[in-house]
Amino acid sequence: QVQLVESGGGLVQAGGSLRLSCAASGRTFNSYAMGWFRQAPGKEREFVASITWRGGITLYADSVKGRFTISRDNAKNTVYLEMNSLKPEDTADYYCAADNDYSGSRYHRWHYWGQGTRVTVSS
């Protein structure tokens with residue numbers, strides 16, 4: 001139905017930056033929000049950031065506020081996550097999500113998910 005493919009993960013030193021991308025394909029929505037979640041080993045999946053279809057509303061977890069920026073290019077059906085001032089605690093698998101009527105922090109309400117991309121932050 002809808003496929004989401006993340007890219008841009010990798011190994012980065014603490015204090016560095018990475019830019020994640022998530023490309024959507026398949027069924028076209030009239031409008032949809034997109035978001036990012038992450039999951040570290042042994043921990044639950046947690047909300048990172050989200051953005052509405054028009055990009056007018058963004059939401060960030062307190063742990064990343066001021067360091068991460070979410071944006072989107074609707075012409076390319078792509079959402080981005082710019083991650084700056086990375087910390088070791090940011091290490092996790094990052095997942096892209098999409099939904100046509102929800103953009104909040106509750107992961108179980110998002111309908112479409114990517115396979116994830118791994119981000120590792122080291123000193």
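These numbers come from a predicted model, not from an experiment. When reading the values below, keep in mind they use all heavy atoms of this one structure, side chains included, and skip hydrogens, waters and symmetry mates.
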Q. For W36 and S50, what are the C-alpha separation, side-chain angles and deciding distance, and is it a side chain to side chain contact (heavy atoms under 4.5 Å, CB included)?
A. CA-CA 6 Å; W36 290 94; S50 66; over 6 Å; no

Q) Stepwise, does the side chain to side chain contact (heavy atoms under 4.5 Å, CB included) test hold for R45 with Y95? A) CA-CA 9 Å; R45 186 169 299 186; Y95 296 89; 3.7 Å; yes

Q.
Does E89 have more than 12 heavy atoms from other residues, nucleotides or ligands lying within 6.0 Å of its CD?
A. yes

Q. What is the distance from atom OG1 of T52 to atom CG of D99, rounded to the nearest 0.5 Å?
A. 13.0 Å

Q) Looking at OH of Y32 and CG of N77, how far apart are the two atoms once the value is rounded to the nearest 0.5 Å? A) 4.0 Å

Q: Check whether any side-chain N or O of S85 sits under 3.5 Å from a backbone N or O of R67 as a donor-acceptor pair, and report yes or no.
A: no

Q) Shortest non-hydrogen contact from M34 to C22? A) CE-SG, 3.9 Å

Q. Has the side chain of W113 got a donor or acceptor atom that lies under 3.5 Å from a matching backbone atom of L4?
A. no

Q.
Please tell me whether W110 and V79 are part of a single hydrophobic cluster in this structure, the criterion being side-chain heavy atoms less than 4.5 Å apart.
A. no

**Q.** Rounded distance [0.5 Å steps], CZ in R118 versus OG1 in T91
**A.** 10.0 Å

Q: For S63 and R38, run side chain to side chain contact (heavy atoms under 4.5 Å, CB included): C-alpha distance rounded to whole Å, both residues' side-chain angles, the deciding distance at 0.1 Å, then the answer.
A: CA-CA 12 Å; S63 59; R38 66 186 183 185; 3.4 Å; yes

Q) If you measure from OH on Y80 to CD1 on I51, what distance do you get to the nearest 0.5 Å? A) 11.5 Å

Q | Closest approach of V119 to G9 (non-hydrogen atoms, all atoms of both residues) | A | CG2-CA, 4.2 Å

Q.
Hydrophobic clusters here meaning ILVMFWY residues chained together by side-chain heavy-atom distances under 4.5 Å, can you tell me if L81 and L59 are in one?
A. no

Q) Is Y60 reachable from V121 through a run of I, L, V, M, F, W or Y residues, each pair having side-chain heavy atoms under 4.5 Å apart? A) yes

**Q.** Greater than 12 external heavy atoms within 6.0 Å of Y107's OH
**A.** no

Q: Look only at the side chain of E6 and the backbone of Q115, and say whether a donor-acceptor pair between them is shorter than 3.5 Å.
A: yes

Q) What do you reckon, is CD of Q3 surrounded by more than 12 foreign heavy atoms closer than 6.0 Å? A) yes

Q) When hydrophobic residues are tied together by side-chain contacts of less than 4.5 Å, even through go-betweens, does F47 share a cluster with Y94? A) no

Q) Pick one: which of L20, V12, D90 meets side-chain contact (heavy atoms from CB on, under 4.5 Å) with M83? A) L20

Q: State the CZ-CG distance between F68 and L86, to the nearest 0.5 angstrom.
A: 5.0 Å

Q | I57 atom CD1, over 12 foreign heavy atoms within 6.0 Å | A | no

Q | Between CZ on residue R72 and OG on residue S21, distance to nearest 0.5 Å | A | 13.5 Å

